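Working notes for the structure below.
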Number of protein chains: 4
Amino acid sequence: MIEYALNYCLAMARPKSEDKRNAILAAAIQVIAELGASAPTAKIAQRAGVAEGTLFTYFSTKDELFNQLYLEIKTEMHEAMLSTYPRDAALKERARHIFTGYVAWGVRHPAKRKTIAQLGVSERVTAESRAEGMRMFAEFGALLDESIAAGALRDLPQQFVASIMAALADTTMEFVGREPERAQRYTDSGFEAFWNAITH
Amino acid sequence: MIEYALNYCLAMARPKSEDKRNAILAAAIQVIAELGASAPTAKIAQRAGVAEGTLFTYFSTKDELFNQLYLEIKTEMHEAMLSTYPRDAALKERARHIFTGYVAWGVRHPAKRKTIAQLGVSERVTAESRAEGMRMFAEFGALLDESIAAGALRDLPQQFVASIMAALADTTMEFVGREPERAQRYTDSGFEAFWNAITH
Amino acid sequence: MIEYALNYCLAMARPKSEDKRNAILAAAIQVIAELGASAPTAKIAQRAGVAEGTLFTYFSTKDELFNQLYLEIKTEMHEAMLSTYPRDAALKERARHIFTGYVAWGVRHPAKRKTIAQLGVSERVTAESRAEGMRMFAEFGALLDESIAAGALRDLPQQFVASIMAALADTTMEFVGREPERAQRYTDSGFEAFWNAITH
Amino acid sequence: MIEYALNYCLAMARPKSEDKRNAILAAAIQVIAELGASAPTAKIAQRAGVAEGTLFTYFSTKDELFNQLYLEIKTEMHEAMLSTYPRDAALKERARHIFTGYVAWGVRHPAKRKTIAQLGVSERVTAESRAEGMRMFAEFGALLDESIAAGALRDLPQQFVASIMAALADTTMEFVGREPERAQRYTDSGFEAFWNAITH
DNA sequence: AATGAATGAGAATTCATTCAT
DNA sequence: AATGAATGAATTCTCATTCAT
């Protein structure tokens with residue numbers, strides 16, 4: 001009530017709602033997962049429960065929506081890998097934590113995973129967005145430097161190691177998605193494969 | 001003169017030309033590599049040097065073109081991996097041959113690689129095409145059974161191993177693409193990583 | 001403090017501000033001069049420093065804004081032609097005064113001139129507005145009746161003479177706009193042409 | 001029949017039809033005269049009896065359509081003024097011919113006249129088109145050089161004279177349009193006014 | 001009164017596919 | 001078989017206007 005009066009005086013209109021923005025991003029994830037990067041904005045808006053035009057008050061173009069979505073998902077992936085990171089565990093356990101966190105996230109969010117796969121090859125996602133997305137993951141390469149030191153990949157860029165991790169984790173996710181009942185087995189094996197790949 | 005040409009034309013039913021079909025496929029590779037899977041058929045036809053409508057006498061729909069292209073490239077990849085396959089070499093050398101052949105092919109044909117990446121996530125490529133594409137590669141899993149027997153991946157499907165190989169090779173290609181002067185280094189390391197991943 | 005502001009706001013019904021109305025009209029002139037009659041209301045509001053919605057508390061529709069603007073400018077033009085009108089001068093001098101005043105106004109206010117040109121052919125400006133705008137100028141025809149009496153235009157409607165004056169003055173303005181350094185020359189010649197046109 | 005066979009051999013498809021192009025231009029004239037320069041392409045296509053998309057095979061953008069239309073009408077106006085031009089008549093008669101030809105054209109083609117008025121202030125018509133349009137009319141200034149030599153407009157650019165002619169003729173047209181029964185009277189008077197304007 | 005988010009009906013193009021030639 | 005004009009549904013984005021705050 002008082003808020004209304006305040007708004008009245010300050011002459012503020014409805015503020016842009018974070019909820020709506022999130023609804024649009026969430027809808028985009030679903031629709032892109034279903035239809036690919038050619039998903040029409042109209043369908044995204046509809047799924048989000050907003051008018052077609054509203055989408056454009058939150059994202060000025062389709063490209064902007066896609067780039068923001070790309071970074072949003074990448075950030076979430078990153079967080080999933082770092083949450084409850086065991087700082088003091090042995091190196092291998094820390095690595096396992098990251099790998100496992102990523103796989104678990106991907107399995108839990110199949111639509112997001114498909115969407116990232118689509119956006120990853122979409123011409124709409126700019127080089128800048130890609131670079132920013134990559135920066136997050138490069139850090140894991142650094143994290144693993146110790147383990148790499150003696151292995152086959154020594155003196156190759158950390159990014160190479162990070163990409164290998166991502167590639168193996170993605171493959172793992174896919175098979176977990178197909179046979180969820182063997183999730184544990186795939187995840188363990190995927191990680192061991194990765195660990196062997198980089199440490200020997 | 002004109003009459004002669006007329007007779008010539010009316011007399012012979014022009015057969016579909018294998019050349020034209022190939023020109024369209026080759027054009028599609030280029031255009032899809034440049035524009036993604038949303039590449040218009042008109043642009044593909046133009047690049048192929050044929051009329052818009054002609055494309056549709058060789059491929060009844062865009063989807064058909066894309067699916068055939070997908071399989072054509074997959075087949076070519078497959079052949080690249082098997083050419084000069086050293087039947088009697090030691091297991092690891094045979095595996096290296098396959099891995100290296102694939103990477104070399106990808107580096108030599110960047111447009112094809114980009115196109116396969118695009119088609120790989122395109123809604124136009126059917127599950128059947130994907131399955132058929134995968135079948136070719138599954139055989140390499142079988143090939144490696146021996147080596148897997150004692151490693152981390154024992155009793156996981158051969159497809160898992162094949163996918164891991166593909167994933168690591170793709171990653172390798174990408175980095176070779178970025179730093180061609182270190183091609184040898186990346187390829188060797190990529191293969192060692194793969195070998196370690198599956199044999200330990 | 002906040003409470004005070006609150007009371008202040010609740011106590012007084014804010015009156016529509018003449019300033020704001022004028023700001024909107026002034027902004028419309030600029031934006032229409034730049035973008036033509038398709039100028040969006042949002043841009044006009046922005047230029048005026050008010051919210052999109054505010055524009056509609058001062059002008060219920062875009063059409064109303066455009067019609068009022070049309071008449072406002074026409075009125076201003078009219079005033080420019082009559083200011084310091086030398087009632088007792090000779091006929092030709094009075095005519096010159098009007099012609100010159102109009103040209104000078106147009107040269108001094110190029111955006112207004114462009115805007116009037118746009119509104120003059122816009123479907124948004126109603127026949128009524130046009131009629132009202134024309135009425136003002138018809139009076140100049142009456143003023144010139146004497147001079148017409150013997151000329152080529154005798155027994156044609158005063159409006160015809162008024163339109164001829166407007167047409168010649170507009171042409172004059174345009175050339176003064178292009179070559180401001182010859183302003184005097186163009187204005188004098190334009191008027192002489194007009195005077196000769198109607199008096200011979 | 002033989003043509004078909006020939007086409008068949010040369011593999012020509014339906015050629016772009018001049019008729020259709022003209023139908024689109026004619027439709028544009030009508031619709032722009034009715035709705036102004038904001039006339040939608042969809043409405044123009046419909047009026048022309050072609051599909052919405054067809055319009056764009058003849059004119060790649062709306063701007064191109066508008067610019068070509070502008071020049072087409074200007075050219076036609078120009079021709080109307082020169083047709084049956086009496087090379088050997090006295091100067092005034094030649095001038096009258098031009099003036100009268102233009103007015104008659106404008107009266108006969110009111111939609112074209114309205115359309116040119118709209119396009120003349122439209123942002124879509126480029127400076128190049130305008131310049132080209134103006135070039136045609138500048139020549140009439142040259143034509144009148146003799147008559148100007150002694151008048152009020154001596155040593156002003158021919159373009160100024162040409163613009164004055166256009167302005168007076170436009171005014172004349174408008175009044176003829178309103179009172180067609182006095183067409184002759186207006187045309188004669190308009191021309192006399194013009195002649196007096198430039199020769200005295 | 002003032003704000004600006006929300007709306008949805010257009011608007012200009014694009015494009016896979018058809019079909020007359 | 002080859003051509004490319006013709007089609008119209010679909011797409012992204014704009015904009016006048018409304019309305020909750």
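All chains are named by letter (A, B, ...) in the order of the sequence lines, taking the proteins before the strands, and each is independently numbered beginning at 1. Computed from a predicted model, the values in this text were never measured in an experiment.
- Summarising the geometry, the separation between CD on Glu123(C) and C1' on dA16(F) is reported as 14 Å, rounded to the nearest angstrom.
- For the atom pair OG of Ser17(A) and CG of Asn22(A), the computed distance is 8.0 Å after rounding to the nearest 0.5 Å.
- Residue Lys62(D) has no polar side-chain atom (N or O) positioned under 4.0 Å from OP1 or OP2 of dT13(E).
- To the nearest angstrom, C1' of dA6(E) lies 18 Å from CZ of Arg21(A).
- For Phe59(C) and dA1(E), the CZ to P distance is 14 Å, given to the nearest whole Å.
- Across all strands, Tyr58(A) comes closer than 4.0 Å only to sugar-phosphate atoms, never to a base (heavy-atom distances).
- Among the nucleotides dT12(F), dA2(E), dA10(F), the one closest to any side-chain atom of Glu52(D) is dA10(F).
- Of the candidate nucleotides dC19(F), dT7(F), dT3(F), dT7(F) has the atom nearest to the side chain of Val50(D).
- Ionic pairing of Glu72(B) and Lys112(B) is not present here: no N-O contact between side-chain nitrogen and carboxylate oxygen is shorter than 4.0 angstrom.
- If you take NZ of Lys43(D) and P of dA12(E), they are 10 Å apart, rounded to a whole angstrom.
- As judged by a 4.0 angstrom heavy-atom cut-off over every strand, Thr61(C) is placed among residues touching the sugar-phosphate backbone only.
- With rounding to whole Å, Phe56(B) atom CZ is found 15 Å from dA2(F) atom P.
- Mapping Thr41(C) and Thr57(D) onto DNA chain F by nearest heavy atom places Thr57(D) closer to the 5' end of the strand.
- With rounding to the nearest 0.5 angstrom, the OG1 atom of Thr115(B) is 9.0 Å from the CD atom of Glu34(B).
- Across all strands shown, the partner of dA16(F) is dT7(E), judged by Watson-Crick or G-U wobble contacts whose two distances both fall under 3.5 Å.
- Between Pro15(A) and Ser60(B), the residue anchored nearer the 5' end of DNA chain E, judged by the nucleotide with its closest heavy atom, is Pro15(A).
- Separating the CD1 atom of Ile24(C) from the P atom of dT17(F) is a distance of 14 Å, rounded to the nearest angstrom.
- Atom CG of Leu35(D) and atom P of dG10(E) are 13 Å apart (whole Å).
- Between Leu65(A) atom CG and dT11(F) atom P the separation is 15 Å, expressed in whole Å.
- Taken from CD in Gln46(D) to CD1 in Ile44(D), the straight-line distance is 11.0 Å, to the nearest 0.5 Å.
- When both pairing distances are held under 3.5 Å, dT21(E) makes a Watson-Crick or G-U pair with dA2(F).
- Looking at which nucleotide of DNA chain F each of Gly53(D) and Ala39(A) is closest to, the 5′-most match is held by Gly53(D).
- Between Lys20(B) and dA2(F) there is a side-chain polar atom (N or O) within less than 4.0 angstrom of OP1 or OP2.
- The CZ atom of Arg124(A) lies 12.5 Å from the CG atom of Leu69(A); values are rounded to the nearest 0.5 Å.
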